[in-house]
Undergrad: 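Starting off with a structure, shown below.
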Amino acid sequence: MVPMRISACMMVKDEEKLLARCLKSFAPAFDELCIVDTGSKDKTPAIAEQHGAKLRQLSACNGPDGKIRDFSIARNAAIDLATGDWILWMDADDVLQPGGAERLRKHAHKAKHAGYQVTIRWGRDSWLQTRLFKNEPHNRFLGRIHEYPAVKGSLGTDREVVVEHLPDKTGKESSGERNLRMCEAEVKDDPSNMRALFYLGNALRLEGRTDEAILRYTQYLALGGNFHCERYMTAYYIACCHFNKTEWMEAIHAGYRALRIDPRYAEMHCLIADCYGELGDYAFAQQWYRSAIACRAPPPDASLFVDREKYDSYPETGLKVCEEKLKAGARVDR
């Protein structure tokens, strides 16, 4: 059987510090490199050409100010350059961990699915993302920001393929500023766009605009929708917002709402435990840390952001702190 060819597709801008690192880590996984440059002023295009890339300059994805306004335009332009049987997409600040290339090659060769999700890690957080898919005309990227490939057919999952996200935004628009700018534009265009509302809530929360984040998350939940994981995460983030405002009881009530959607995530159990700890109710906090420990691992169908620490040392540490407080004679006025 003839091996399946994999085309690596990228969009880049001013990535001279990171591009070579990325390509070195992914090199064993692809046969062809297709890069769209959206306006670099540094040596990025030269580095791409040194690595044998098919290179195209593109400005149609940018606004009048030169800033990116639509990631999917650039992603799809890179796909248009590809001649391989499969598309492997990546960013310049990605690093493929050892063993990943062999597993990606194996999936492309066996072709049991139309696409494959892999693990993305950034700090303590991890999530699943479709990074490998068949090069077919109907498989295209959608979304102005937080774009994703709409793959026709079944998706396989390989959590052992790990892509580490190691950004360097020195001298550039920060990811927070960019996400907020572009998510606000998406919601303005379509106030019922649930995906845009979710990510706008995230951008506002991370920028410290907590009340606005709660509003956007609440709008998301009011629209309904059947993406179970995203509905849980939305309710969880509302609880996080109240926690960040030191509104302990509001956070607890929001946490109960999240647990009614899905009780399997240790993050929510830990947050409720933390709230009771802040309230001085260490016995009740203990119960919630124990229930977090009982979660053991993220749900097998978890596809969005998981805080790995909450399934490791965090609840154990919280439990010990509560035990020490209770031994010291801490009491709660109810």
Undergrad: Measure across Gly39 and Lys13 and return the closest heavy-atom pair with its distance rounded to 0.1 Å.
TA: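 Minimum heavy-atom contact is O-CE, 3.6 Å.
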Undergrad: Treat each ILVMFWY residue as a node, draw an edge where side-chain heavy atoms are under 4.5 Å apart, and state whether Ile261 and Trp288 are in one component.
TA: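 In one cluster: yes.
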Undergrad: Is it the case that atom NZ in Lys320 sees more than 12 heavy atoms from other parts of the structure closer than 6.0 Å?
TA: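 No, because the 6.0 Å sphere around NZ of Lys320 holds 12 heavy atoms or fewer from other groups.
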Undergrad: Dump the intermediate steps for side chain to side chain contact (heavy atoms under 4.5 Å, CB included) on Glu102 and Arg105, then the final yes or no.
TA: CA-CA 5 Å; Glu102 293 79 4; Arg105 290 278 191 186; 5.7 Å; no
Undergrad: Tell me whether Asp14 contacts the main-chain N or O of Thr44 through its side chain, where contact means a donor paired with an acceptor under 3.5 Å.
TA: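 Flag not set: sc Asp14 to bb Thr44 has no pair under 3.5 Å.
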Undergrad: Could Glu15 and Lys172 be called an ion pair, given the rule that one side-chain N must be under 4.0 Å from one carboxylate O?
TA: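 Salt bridge between Glu15 and Lys172, a charged N being under 4.0 Å from a carboxylate O: yes.
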Undergrad: Is it possible for you to say whether Leu128 and Tyr148 belong to one hydrophobic cluster, with membership spreading through side-chain heavy-atom contacts below 4.5 Å?
TA: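 Looking at the clustering, Tyr148 is in a separate group from Leu128.
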Undergrad: Could you state the interatomic distance from CG (Leu96) to CZ (Phe26), rounded to the nearest 0.5 Å?
TA: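 Going from CG on Leu96 over to CZ on Phe26, the span is 4.5 Å.
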Undergrad: Is it the case that more than 12 heavy atoms not belonging to Arg257 sit under 6.0 Å from its CZ atom?
TA: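 At most 12 heavy atoms, drawn from other residues, nucleotides or ligands, come within 6.0 Å of this atom.
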Undergrad: Could you tell me whether Arg131 and Asp94 make a salt bridge, using a distance below 4.0 angstrom between a side-chain N and a carboxylate O?
TA: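 Salt bridge: yes.
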Undergrad: Leu200 vs Glu212, test: side chain to side chain contact (heavy atoms under 4.5 Å, CB included). Steps then yes/no.
TA: CA-CA 9 Å; Leu200 177 55; Glu212 295 171 82; over 6 Å; no
Undergrad: Check step by step if side chain to side chain donor-acceptor pair (under 3.5 Å) holds for Arg290 and Gln287.
TA: CA-CA 5 Å; Arg290 290 191 184 102; Gln287 295 180 33; over 6 Å; no
Undergrad: Near Lys169 NZ, under 6.0 Å, is it more than 12 heavy atoms from other residues, nucleotides or ligands?
TA: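 Atom NZ in Lys169 is packed in, count exceeds 12.
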Undergrad: Indicate yes or no: does Glu160 engage Lys106 in a salt bridge with an N to O separation below 4.0 Å.
TA: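 No, no charged N to carboxylate O under 4.0 Å.
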Undergrad: Please find the pair of heavy atoms, one from Ala292 and one from Pro315, that lie closest to each other, and give the distance.
TA: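 Reported closest heavy-atom pair: CB-CB, 3.9 Å.
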Undergrad: Any side-chain heavy atom of Leu180 sitting closer than 4.5 Å to one from Leu204?
TA: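 The answer is yes; the side chains approach within 4.5 Å.
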Undergrad: What is the ring orientation for Trp122 with His165, classed by angle as parallel under 30°, tilted 30 to 60°, or perpendicular over 60°?
TA: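 Perpendicular, since the angle between the ring planes exceeds 60°.
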Undergrad: Using modelled atom types only, decide if a donor and an acceptor are shared between the side chain of Arg205 and the backbone of Thr210 within a distance under 3.5 Å.
TA: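 Such a contact is absent between Arg205 side chain and Thr210 backbone.
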Undergrad: To check you understand the geometry: which heavy-atom pair defines the closest contact between Leu221 and Arg231, and what is its length?
TA: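 That closest heavy-atom pairing would be O-NH1, 3.6 Å.
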Undergrad: Between Tyr265 and Tyr232, is the ring centroid distance below 6.0 Å?
TA: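 Centroid separation for Tyr265 and Tyr232: below 6.0 Å.
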Undergrad: Over 60° means perpendicular and under 30° means parallel, so classify the ring planes of Phe198 and Tyr220, tilted if in between.
TA: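 Ring orientation, 0 to 90° scale: tilted.
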Undergrad: Keeping the roles fixed (side chain from Asp85, backbone from Met4), state whether a donor-acceptor pair exists under 3.5 Å.
TA: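 Pair absent, no side-chain N/O of Asp85 close to backbone of Met4.
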Undergrad: Quick one: does any side-chain atom of Tyr217 pair with a main-chain N or O of Gly201 as donor and acceptor, under 3.5 Å?
TA: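 Checked: pair present.
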Undergrad: Look at the side chain of Glu173 and the backbone N and O of Lys67, then say whether any donor-acceptor pair between them is shorter than 3.5 Å.
TA: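 No; zero donor-acceptor contacts below 3.5 Å.
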Undergrad: The test is side chain to side chain donor-acceptor pair (under 3.5 Å); show your working for Tyr311 and Glu267 and say whether it passes.
TA: CA-CA 8 Å; Tyr311 300 87; Glu267 292 94 325; 2.6 Å; yes
Undergrad: Closest approach of His113 and Ser154, non-hydrogen atoms and distance?
TA: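 Heavy atoms only, the tightest pair is ND1-OG, 2.9 Å.
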Undergrad: Does Asp42 pair with Lys17 as a salt bridge, N-O distance under 4.0 Å?
TA: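 So Asp42 does not pair with Lys17 through a salt bridge.
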Undergrad: Using modelled atom types only, decide if a donor and an acceptor are shared between the side chain of Ser25 and the backbone of Val95 within a distance under 3.5 Å.
TA: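 It does not hold such a pair.
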Undergrad: In the structure I gave you, are the side-chain heavy atoms of Asp274 and Phe243 within less than 4.5 Å of one another anywhere?
TA: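 Answer yes - side chains close enough.
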Undergrad: Using the side chain to side chain contact (heavy atoms under 4.5 Å, CB included) rule, take Cys275 and His242 through it: C-alpha gap first, then chi angles, then the decisive distance, then the call.
TA: CA-CA 10 Å; Cys275 288; His242 286 297; over 6 Å; no
Undergrad: Side-chain heavy atoms nearer than 4.5 Å, only ILVMFWY residues, links allowed to pass through others: does that put Ile120 and Leu18 together?
TA: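 Cluster IDs for Ile120 and Leu18 differ.
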Undergrad: Between Lys54 and Asp80, is there a salt bridge with N-O shorter than 4.0 Å?
TA: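 No, Asp80 and Lys54 are not salt-bridged.
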Undergrad: Taking a hydrophobic cluster as the set of Ile, Leu, Val, Met, Phe, Trp and Tyr residues connected by side-chain heavy atoms closer than 4.5 Å, whether directly or through intermediates, do Tyr314 and Ile252 fall within one such cluster?
TA: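 No; tracing contacts between hydrophobic side chains, which count when under 4.5 Å, never links both residues.
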Undergrad: Taking the side chain as C-beta and beyond, is there a heavy-atom pair between Asn139 and Asn135 under 4.5 Å?
TA: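 When only atoms from C-beta onward are counted, Asn135 and Asn139 do not touch, as no gap falls below 4.5 Å.
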Undergrad: Between the side chain of Thr119 and the main-chain N/O of Arg159, is any donor-acceptor distance below 3.5 Å?
TA: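 Yes, Thr119 side chain to Arg159 backbone: donor-acceptor pair under 3.5 Å.
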Undergrad: Quick check: do Cys183 and Ile145 have side-chain heavy atoms less than 4.5 Å from each other?
TA: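 Yes, their side chains come closer than 4.5 Å.
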Undergrad: Using a strict cut-off of less than 4.0 Å between a Lys/Arg side-chain nitrogen and an Asp/Glu carboxylate oxygen, indicate whether Asp312 and Arg124 qualify as a salt bridge.
TA: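 The answer is no: the pair does not qualify as a salt bridge.
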Undergrad: Walk me through it: do Tyr256 and Ile272 pass the test side chain to side chain contact (heavy atoms under 4.5 Å, CB included)?
TA: CA-CA 9 Å; Tyr256 289 156; Ile272 293 174; 4.0 Å; yes
Undergrad: In terms of hydrophobic clusters joined by side-chain contacts under 4.5 Å, are Phe141 and Met11 together?
TA: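 No, separate clusters.
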Undergrad: Specify the closest pair of heavy atoms between Pro167 and Asp93, including all atoms of both residues, with the distance to one decimal.
TA: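 Looking at all heavy atoms of both residues, the shortest contact is CB-OD2, 3.5 Å.
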Undergrad: Which heavy atom of Ser303 sits nearest to which heavy atom of Cys229, and what is that distance?
TA: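 Minimum heavy-atom contact is N-SG, 3.8 Å.
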Undergrad: Just by modelled atom types, is the Pro263 backbone N or O under 3.5 Å from a matching donor or acceptor in the His269 side chain?
TA: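 Flag set: sc His269 to bb Pro263 pair under 3.5 Å.
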Undergrad: Going by an N to O cut-off under 4.0 Å, is there a salt bridge joining Asp190 and Arg195?
TA: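 No.
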Undergrad: Within the distance-only criterion (no hydrogens, no angle test), does the side chain of Gln97 pair as donor or acceptor with the backbone N or O of Val162 below 3.5 angstrom?
TA: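 A pair under 3.5 Å: no.
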Undergrad: Does the ring centre of Trp86 sit less than 6.0 Å away from the ring centre of Phe133?
TA: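 No, too far apart.
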Undergrad: Using the side chain to side chain donor-acceptor pair (under 3.5 Å) rule, take Arg103 and Tyr116 through it: C-alpha gap first, then chi angles, then the decisive distance, then the call.
TA: CA-CA 11 Å; Arg103 298 183 75 92; Tyr116 290 88; over 6 Å; no
